[in-house]
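The analysis underlying the following values was restricted to heavy atoms, covering all of them including side chains, and did not include hydrogens, waters or symmetry mates.
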Amino acid sequence: QLQASGGGLVQAGGSLRLSCSASGSIVSINSVNWYRQAPGNQRELVAGITSGGSTNVRDSVKGRFTISRDNAKNTVYLQMNSLKPEDTAVYYCNAGVTFEYSGALFARDYWGQGTLVTVSS
C-alpha cells in the first residue's frame, strides 16, 4: 500500500512537508511522482524523483518545492515552502513499487489516497 500524509491548513508563505510511504513486503520504491488536483482542474504533475535520486519539479513550484527520498524508510517527501493560495489542492503520490510475495518479486504501480493542502491568503 501507498500512503500520502502531511497535508493541512497553512497561511500563505508557510511550509508543509508531505510524505509518501509504502508498507507491506516492499523490496524497493522506484520512481515516485507527486501530483495535485485543485477543484475544477485536471490533475497535474508537481514533482518526481527516480530510483537513482534524479529530480524534476514543475516550473510554477521551482525554488519553493523540493522532492527527496529516504530509501531506508521507503518514503518520499515533498517539502513545500513559501506556499501560495494557488497551491491549494489534493496532493497524490504515485509510485512504482517492487514487492515480494510467496518468494517471488512483483512490480506494480500504486496511487496514494491523497492529502489535502489548503493555503489561506
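When atom types are taken as modelled, the side chain of Arg69 and the backbone of Ile29 share a donor-acceptor pair closer than 3.5 angstrom. Between the Gln3 side chain and the Gly112 main chain, no donor and acceptor come within less than 3.5 Å of each other. Judged by distance alone, with hydrogens and angles left aside, the side-chain atoms of Asn94 form a donor-acceptor pair with the main-chain N or O of Tyr110 at under 3.5 Å. With hydrogens and angles ignored, the 3.5 Å screen pairs no side-chain donor or acceptor of Ser121 with any backbone N or O of Pro85.
For the atom pair Lys62 NZ and Asn56 CG, the distance stands at 8.5 Å (nearest 0.5 Å). Note that the CG atom of Asn74 and the CG atom of Leu2 stand 10.0 Å from one another [nearest 0.5 Å]. Rounding to the nearest 0.5 angstrom, the gap separating the CZ atom in Phe99 from the CG atom in Leu105 is 9.5 Å. Distance check, rounded to the nearest 0.5 Å: OG of Ser51 to CG of Asn71 gives 8.5 Å. Taken from CE in Met80 to OG1 in Thr66, the straight-line distance is 11.0 Å, to the nearest 0.5 Å.
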### Task
Evaluate the criterion side-chain contact (heavy atoms from CB on, under 4.5 Å) for residue pair Thr98 and Phe106; output intermediate values, then yes/no.
CA-CA 6 Å; Thr98 301; Phe106 298 86; over 6 Å; no
### Task
Could you check Trp111 against Tyr35 for ring-ring contact (aromatic ring centres under 6.0 Å, His included), going step by step and ending with a plain yes or no?
CA-CA 10 Å; Trp111 283 90; Tyr35 292 81; 5.1 Å; yes
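Contact record, Arg64 with Leu83: NH1-CA, 3.8 Å, taken as the closest heavy-atom pair.
Side-chain heavy atoms closer than 4.5 Å link hydrophobic residues (I, L, V, M, F, W, Y) into clusters, and following such links, even through other members, never connects Leu45 to Phe65. Cluster membership check: Tyr77 does not share its hydrophobic cluster with Leu16, using side-chain heavy-atom separations under 4.5 Å among Ile, Leu, Val, Met, Phe, Trp and Tyr. Under the 4.5 Å side-chain contact rule for hydrophobic residues, Val76 and Val57 share a cluster. In the hydrophobic clustering of ILVMFWY residues, with side-chain heavy atoms under 4.5 Å counting as a link, Val27 and Tyr101 come out apart. Hydrophobic clustering (ILVMFWY, side-chain heavy atoms < 4.5 Å, transitive): Val46 and Val119 are in one cluster.
Side-chain atoms of Arg36 and Asp87, non-hydrogen and from C-beta on, do get closer than 4.5 Å to each other. Two residues are said to be in side-chain contact when any heavy atoms from C-beta on lie closer than 4.5 Å; Tyr91 and Leu78 meet this criterion.
For Glu44, the CD atom is densely surrounded, since the number of other residues' heavy atoms within 6.0 Å is greater than 12.
Every residue two or more places apart in sequence or in another chain was checked for a salt bridge (Lys or Arg N to Asp or Glu O under 4.0 Å) with Arg43, and none qualifies. Under the salt bridge (Lys or Arg N to Asp or Glu O under 4.0 Å) criterion, Lys84 pairs with no residue at all, not counting sequence neighbours. Listed by chain and residue number, nothing satisfies the side chain to side chain donor-acceptor pair (under 3.5 Å) test with Ser82 (two or more places apart in sequence, or in another chain).
Residue pairs meeting the salt bridge (charged side-chain N to carboxylate O under 4.0 Å, His left out) criterion with at least one member in residues 107-116: none, sequence neighbours excluded. Sorted by first then second residue, the side chain to side chain donor-acceptor pair (under 3.5 Å) pairs that include residues 9-24, not counting sequence neighbours, are Ser15-Asn81, Ser21-Thr75. Identified under the disulfide (SG to SG under 2.5 Å) test for residues 20-92, with sequence neighbours left out: Cys20-Cys93.
The only member of Leu9, Leu18, Val90 that meets side chain to side chain contact (heavy atoms under 4.5 Å, CB included) when paired with Val117 is Leu18.
For the 3.5 Å distance criterion, the side chains of Ser28 and Asn30 qualify, holding a donor opposite an acceptor.
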